[in-house]
Trainee: 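Below you will find the structure I want to go over with you.
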There are 4 protein chains.
Amino acid sequence: MIDPRLFSIATGSPEPIYRQLVEQVRRRVLAGQWAAGAGLPSVRELAQALAINPMTVSKAYSLLEAEGLLARQRGIGMVVAEAPGQPPPAAERLALVRPALARVAEQARELGLAPHEVLTLLSELMEDPDEPRP
Amino acid sequence: MIDPRLFSIATGSPEPIYRQLVEQVRRRVLAGQWAAGAGLPSVRELAQALAINPMTVSKAYSLLEAEGLLARQRGIGMVVAEAPGQPPPAAERLALVRPALARVAEQARELGLAPHEVLTLLSELMEDPDEPRP
Amino acid sequence: MIDPRLFSIATGSPEPIYRQLVEQVRRRVLAGQWAAGAGLPSVRELAQALAINPMTVSKAYSLLEAEGLLARQRGIGMVVAEAPGQPPPAAERLALVRPALARVAEQARELGLAPHEVLTLLSELMEDPDEPRP
Amino acid sequence: MIDPRLFSIATGSPEPIYRQLVEQVRRRVLAGQWAAGAGLPSVRELAQALAINPMTVSKAYSLLEAEGLLARQRGIGMVVAEAPGQPPPAAERLALVRPALARVAEQARELGLAPHEVLTLLSELMEDPDEPRP
DNA sequence: GTGGTCTAGACCACA
DNA sequence: GTGGTCTAGACCACG
């Protein structure tokens, strides 16, 4: 079973808890970090580990089930859904960051930044996210 | 007067409309793209152009006035405030997109994307944001 | 605004209330019975009309929004989403009844019924659902 | 002994597994497809063949025994009970699919489908259920 | 044990 | 006014 300690929520964030959970799971499943069929922590267990209400976890799980990323096994719990046949292609995963990237690009243009400035910064951030600011 | 068509809102975005407006104006003023004293569209005019509630525009203008970026001129409307003294250096403007860029970079890494894939996409988006997806 | 009295729930049914609502709305939207942009009853209003908890209505609306059939207009309420470009083709609507039809066909075969017997019955039911049984 | 491969369950269906089993058996016994006295697969064997919990099979068998369709024979297992007297007429068996068929017909009408479209689809499904979708 | 559903009530952000 | 989120607690069906 997937370790409940792999999940985390930022209580101070404006992003709702259930959505933080949804996106954590979605990214890990799409990236293939969890094998198909792997069992997720039960609603009650994860709720206790995160000190939140079980319904909040349940809501996240339900949305992921509707999305087809998780499957319900009755009496067992939630498991990672079988991939529809193919491992997720890079193009599809790339499409997931496109909207956020487009928003940043728009902001950079509004700030009058040159493309190479932004690209250089992104390159650094992709290589080593924890690098101290110059 | 500043053209209302320069403003845009993404209705599908989770970001509130008033904040989208605030940050668009803030970035353009900080980038020096609008001269001090330039007049902004009236609340009613901008609200109609964007098909949103006038109260939403008013809220954005009020926040920008409180921040000192806009000033209210009786009988004229909102104008761009005098620059506080110095034109902002590129490094400082670049720092404004750093958090958003870092967030995207983290998501991309979680998705197992290679840096060059993301950089290529950003490069395209910086050059021509309206380019149709392949 | 769409009349709340158009909605109905069968309290005795094993089908959950929120799902009854989801499917009622889905069929009507897909059949084009409601124009794009038409406003749905507010959560509170529909909840009161049906004498159920507002969260139950909210859950149904949220699922329909995730499915893309409804859209949230902030401060206004839920509206029927714009069709992606085309009115829903008959083939797509037909596909929606395929699983249920396949299940019935399987049952009929298990009962040793001849195809023409079942087809005749369905034909009657399609023409006049309230016809008394022979 | 009745071949365990005659049984099938749809894991994705909202219908509980034990009820899928109960109704499959009930239909086949009523249709006279299995002779009285024919032996059913053992609980363990069927559970393994369907990859489900033995308790689920046991529950289905118990319900069918209570209904009088199956009988428990010591040392042998479950067998098909003696027919209550008369072979069931076709009209009676047809009545068993009527409710499900009426439900599908109602959904099809709500979707604005023409009777002949639905009848054509059902005809295909009755002839060859495993035909690939066009 | 598992998840699902519904209720009741509180608080929040947005328009 | 709108919907969204979270909590708490109850009951149910399934395995």
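By convention in this document, chain letters (A, B, ...) are assigned in the order of the sequence lines, proteins followed by strands, and residues within each chain are numbered from 1.
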Trainee: According to the Watson-Crick and G-U wobble definitions, with both distances under 3.5 Å, which nucleotide is paired to E:dG1?
Mentor: F:dC14
Trainee: For nucleotides 11-15 of chain F, which of its nitrogen or oxygen atoms have a protein nitrogen or oxygen under 3.5 Å away, and what is each distance?
Mentor:
residue: F:dC14; atom: OP2; partner: D:Tyr18; partner atom: OH; Å: 3.2
residue: F:dG15; atom: O3'; partner: D:Asn53; partner atom: ND2; Å: 3.4

Trainee: Take atom CG of C:Leu50 and atom P of E:dT7, then tell me their distance rounded to the nearest Å.
Mentor: 11 Å
Trainee: Rounded to the nearest angstrom, tell me the gap between atom CD in B:Gln20 and atom P in E:dA13.
Mentor: 18 Å
Trainee: Using the side-chain contact (heavy atoms from CB on, under 4.5 Å) definition, which of the options C:Arg74, C:Gln73, C:Arg72 pairs with C:Ile76?
Mentor: C:Gln73
Trainee: Check whether any side-chain N or O of A:Ser58 sits under 4.0 Å from OP1 or OP2 of E:dG4, and answer yes or no.
Mentor: yes
Trainee: Would you find a donor on one side and an acceptor on the other, under 3.5 Å apart, between the side chain of D:Glu110 and the backbone of C:Gln24?
Mentor: no
Trainee: Atom CD of C:Gln73 to atom P of F:dG4: distance rounded to whole Å?
Mentor: 13 Å
Trainee: Check whether any side-chain N or O of C:Arg93 sits under 3.5 Å from a backbone N or O of D:Leu111 as a donor-acceptor pair, and report yes or no.
Mentor: yes
Trainee: State whether the side chain of B:Gln20 and the backbone N or O of B:Ala10 hold a donor-acceptor pair below 3.5 Å, judged by distance alone.
Mentor: yes
Trainee: Is the shortest side-chain N to carboxylate O distance from B:Glu106 to B:Arg103 below 4.0 Å?
Mentor: no
Trainee: For the pair made of OH in C:Tyr61 and C1' in F:dT2, what is the distance, rounded to whole Å?
Mentor: 12 Å
Trainee: For D:Glu65, does the CD atom have more than 12 heavy-atom neighbours from other residues, nucleotides or ligands under 6.0 Å away?
Mentor: yes
Trainee: B:Leu63 has an atom CG; how far is it from atom C1' of E:dC14, in whole Å?
Mentor: 13 Å
Trainee: Measure CG/A:Leu21 against P/F:dC6 and give the value in whole Å, please.
Mentor: 9 Å
Trainee: When you measure from the side chain of A:Gln107 to the backbone of B:Val97, do you find a donor-acceptor pair of N or O atoms at a distance under 3.5 Å?
Mentor: no
Trainee: Atom CE of C:Met1 and atom P of F:dG3: how far apart are they, to the nearest Å?
Mentor: 10 Å
Trainee: Does C:Ser42 have a side-chain nitrogen or oxygen under 4.0 Å from the phosphate oxygens OP1 or OP2 of F:dT2?
Mentor: yes
Trainee: Within this structure, what is the CG-to-C1' distance between A:Leu70 and E:dG3, rounded to whole angstrom?
Mentor: 13 Å
